[in-house]
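Here's the structure, in structure tokens; my notes come after.
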Amino acid sequence: MSSPNFSSAASRGGAPRSRDQVEIHQLAFLQSDAVHPLITEAFLGKDMPPSEVTMEAVQHRPGAGATGIYRVTAHEDLYVGVTTEHVHDRAEGILRSDSERGKLVLWQHPMDPMLPGLQLATDPSSVTSTWGEGYELTALQTVSYRPLRRAVIAADFADGRRLYLKVLREGHAGELAARHRMLLGADVPAPAPVRDPIRDVVALEQGRGISLAEHFLADGAAAVRPAEFVELLDALPAAVMGLPTRDAWTDRLSAYASAAVSAVPQCERRVRRLEEEVLAGVPVTDRGPLVPTHGDFYEANLLMDGNKISCLLDVDSLGPGYRVDDLACFLGHLAVLPAVDSRYLHAPAAFDRFARVFAAGVDPESLRIRTAAVALSLVAGARDVRGGEWRAKAEHRLRCAEVLLGLTRSAGDLPHWPAVL
């Protein structure tokens, strides 16, 4: 089984003056050597020889806390989670410790205290007996892992099947499976659950097709019709309106701005100016009516068969919302693709083409402002504790948002809001 694929984030700060500053200090502590003795003592004991501790990722959820993931080299590698977030007393397999930055909760992967099914989904023998249908497991790979939140594990079997095992917090797996069945019942293409959830793990069939991101990479999705994505949203069933409502990116803007500041504190004035511009613009634009929405509508969650949409992924956030927020999510992610990978040379031209079509059905100014908010929300996601180039990528994402709001001039690798809009 491969080592976990963790998402990341990190930062520094001055003396604590607010919750944001407290969390910036917590992030700095989790990234420092000061946390290493706590880890080795907790999991190896005081009498064990020195072991190398390497941070693999750090996650910051403004208002909730910070979490670090570490690889500990002893007789064999083990992975350890350390968080400042609150973890309920019922959680099994955790250790609690006091530190100079407050109380910590520690656990050994895969015994994530908020994801009880992670052990099941990462154990080859258990995966084989639970979902193998008599076939040998040939590969088990962690696709993504957000500590305390969710994980996705890819399981390959000898009969050629690939299943995606989505590990969720307690009580949420049944809701996700129901969302998938709701879409399939309305002929909206989505991965099918192979059976009822087990220990908060939903096993999904592999969706057919390749990621829309591959089309953007190749030629800016030149042969793909932007209107087809609007039509897909139109096809979401009315039953979606009975699901819980979730906040969109502009609704959580202050949290995302704080996360961006923690990632690139040298850009705090620019981040706060963006935040102010968005918060001033949102109330004077038209959000439109409440409609069924996907909630996380962007290229990574759309598979294509040729030039046609073949599968809609990650429907965890499906529910009532606003069409403009789904479209802004799509455009905000498209805008920052060159900041993710410099090979996305055609992304700015694709952005122009898709923005023109998307703006035809919503308030263009509302779409522009909310697209900038999504781009800002992606700044902290550039953080990578294992690489040194992420700060430049984070600032690039920030500049994307600034261009969309007219706060800086466009350039070849930055999005440009169509002048006709």
Side-chain angles (χ1 to χ4, degrees), residues 5 143-144 152 154 162 164 183 187-191 204-236 249 293-318 323-362 367-368 370-371 374-375 377-378 381-382 393 396-397 400-401 403-404 410-418 421:
N5 176 19
V143 177
S144 65
V152 179
R162 164 168 282 198
Y164 286 96
L183 293 180
D187 294 325
V188 175
L204 299 168
E205 294 179 355
Q206 182 177 22
R208 179 173 54 88
I210 64 170
S211 173
L212 175 60
E214 296 295 326
H215 288 266
F216 284 137
L217 183 63
D219 60 3
V224 175
R225 292 174 53 247
E228 186 166 344
F229 300 92
V230 178
E231 293 163 4
L232 177 64
L233 293 175
D234 286 338
L236 294 178
W249 289 265
T293 57
H294 177 269
D296 201 14
F297 194 65
Y298 72 107
E299 76 282 340
N301 290 334
L302 290 154
L303 299 184
M304 309 293 295
D305 184 4
N307 298 324
K308 298 294 183 181
I309 299 170
S310 57
C311 198
L312 181 62
L313 306 177
D314 280 356
V315 301
D316 308 55
S317 298
L318 192 71
R323 174 65 57 84
V324 69
D325 288 314
D326 265 352
L327 299 178
C329 177
F330 188 107
L331 292 176
H333 282 82
L334 175 55
V336 305
L337 281 180
V340 175
D341 188 325
S342 60
R343 293 177 297 166
Y344 283 101
L345 301 175
H346 307 286
F351 180 90
D352 180 90
R353 191 163 60 90
F354 277 78
R356 290 170 185 263
V357 174
F358 287 177
V362 297
L367 181 60
R368 181 179 72 89
R370 292 170 187 279
T371 297
V374 173
S377 78
L378 298 172
K393 292 183 177 181
H396 190 166
R397 298 181 190 200
C400 289
V403 168
L404 290 169
S410 182
D413 60 348
L414 296 173
H416 177 72
W417 194 254
L421 300 178

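For the numbers below, each heavy atom of this structure counts, side chains included, while hydrogens, waters and symmetry mates do not. Keep in mind it's a predicted model, so treat the numbers as computed, not measured.
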Practice problem: Measure the shortest side-chain to side-chain distance between Val230 and Arg323 over non-hydrogen atoms and say whether it is less than 4.5 angstrom. | Solution: yes
Quiz item: What distance do Glu214 atom CD and Glu299 atom CD have between them, rounded to the nearest 0.5 Å?
Solution: 10.5 Å
Quiz item: Phe354 vs Phe229 aromatic rings, parallel, tilted or perpendicular, using cut-offs 30° and 60°?
Solution: tilted
Exercise. Write down the atom of Glu228, the atom of Ile309, and the distance for their closest heavy-atom approach.
Key: OE2-N, 2.9 Å
Quiz item: What are the two closest non-hydrogen atoms of Gly381 and Arg397, and how far apart are they?
Solution: C-NH1, 3.7 Å
Exercise. Using a cut-off of 6.0 Å, state whether more than 12 heavy atoms not belonging to Arg343 lie near its atom CZ.
Key: no
Self-check item: Nearest atoms (heavy-atom pairs only) where Val340 meets Lys393
Solution: O-NZ, 3.5 Å
Practice problem: Kindly assign one of parallel, tilted or perpendicular to the pair Tyr298 and His333, based on the angle between their ring planes and the thresholds 30° and 60°. | Solution: parallel
Quiz prompt | Rounded distance (nearest 0.5 Å) linking atom CG of Leu233 with atom CZ of Phe297 | solution = 4.0 Å
Practice problem: Side-chain contact test, heavy atoms from C-beta onward, threshold under 4.5 Å: evaluate it for Arg370 versus Leu327 and give yes or no. | Solution: no
Exercise. Output the distance between atom CG (Asn301) and atom CZ (Phe330), rounded to the nearest 0.5 Å.
Key: 11.0 Å
Practice problem: Examine distances only and state if a side-chain atom of Arg162 and a backbone atom of Gln206 form a donor-acceptor pair shorter than 3.5 Å. | Solution: no
Self-check item: For the student: nearest non-hydrogen atoms of Tyr344 and Pro338, plus distance
Solution: O-CG, 3.6 Å
Quiz prompt | Beyond-backbone contact of Phe351 with Thr371, side-chain heavy atoms, under 4.5 angstrom | solution = yes
Self-check item: Least distance between heavy atoms, Pro189 atom then Leu232 atom
Solution: CD-CD1, 4.4 Å
Practice problem: Nearest 0.5 Å please: distance from the CG atom of Leu318 over to the OG1 atom of Thr293. | Solution: 7.0 Å
Quiz prompt | Over all atoms of both residues, closest heavy-atom pair of Asn307 and Ala223 | solution = ND2-CB, 3.5 Å
Self-check item: Straight-line distance of Leu334 CG to Cys400 SG, nearest 0.5 Å
Solution: 10.0 Å
Quiz item: Can you tell me how far CG of Leu212 sits from CG of Leu303, rounded to the nearest 0.5 angstrom?
Solution: 9.0 Å
Quiz item: How about Trp417 and Leu331: do any of their side-chain heavy atoms sit closer than 4.5 Å?
Solution: yes
Quiz item: His294 and side-chain contact (heavy atoms from CB on, under 4.5 Å): which partner among Asp325, Leu183, Leu313, Val315?
Solution: Val315
Exercise. Check the pair His346, Leu337 against side chain to side chain contact (heavy atoms under 4.5 Å, CB included), reporting the backbone distance first and the verdict last.
Key: CA-CA 10 Å; His346 307 286; Leu337 281 180; over 6 Å; no
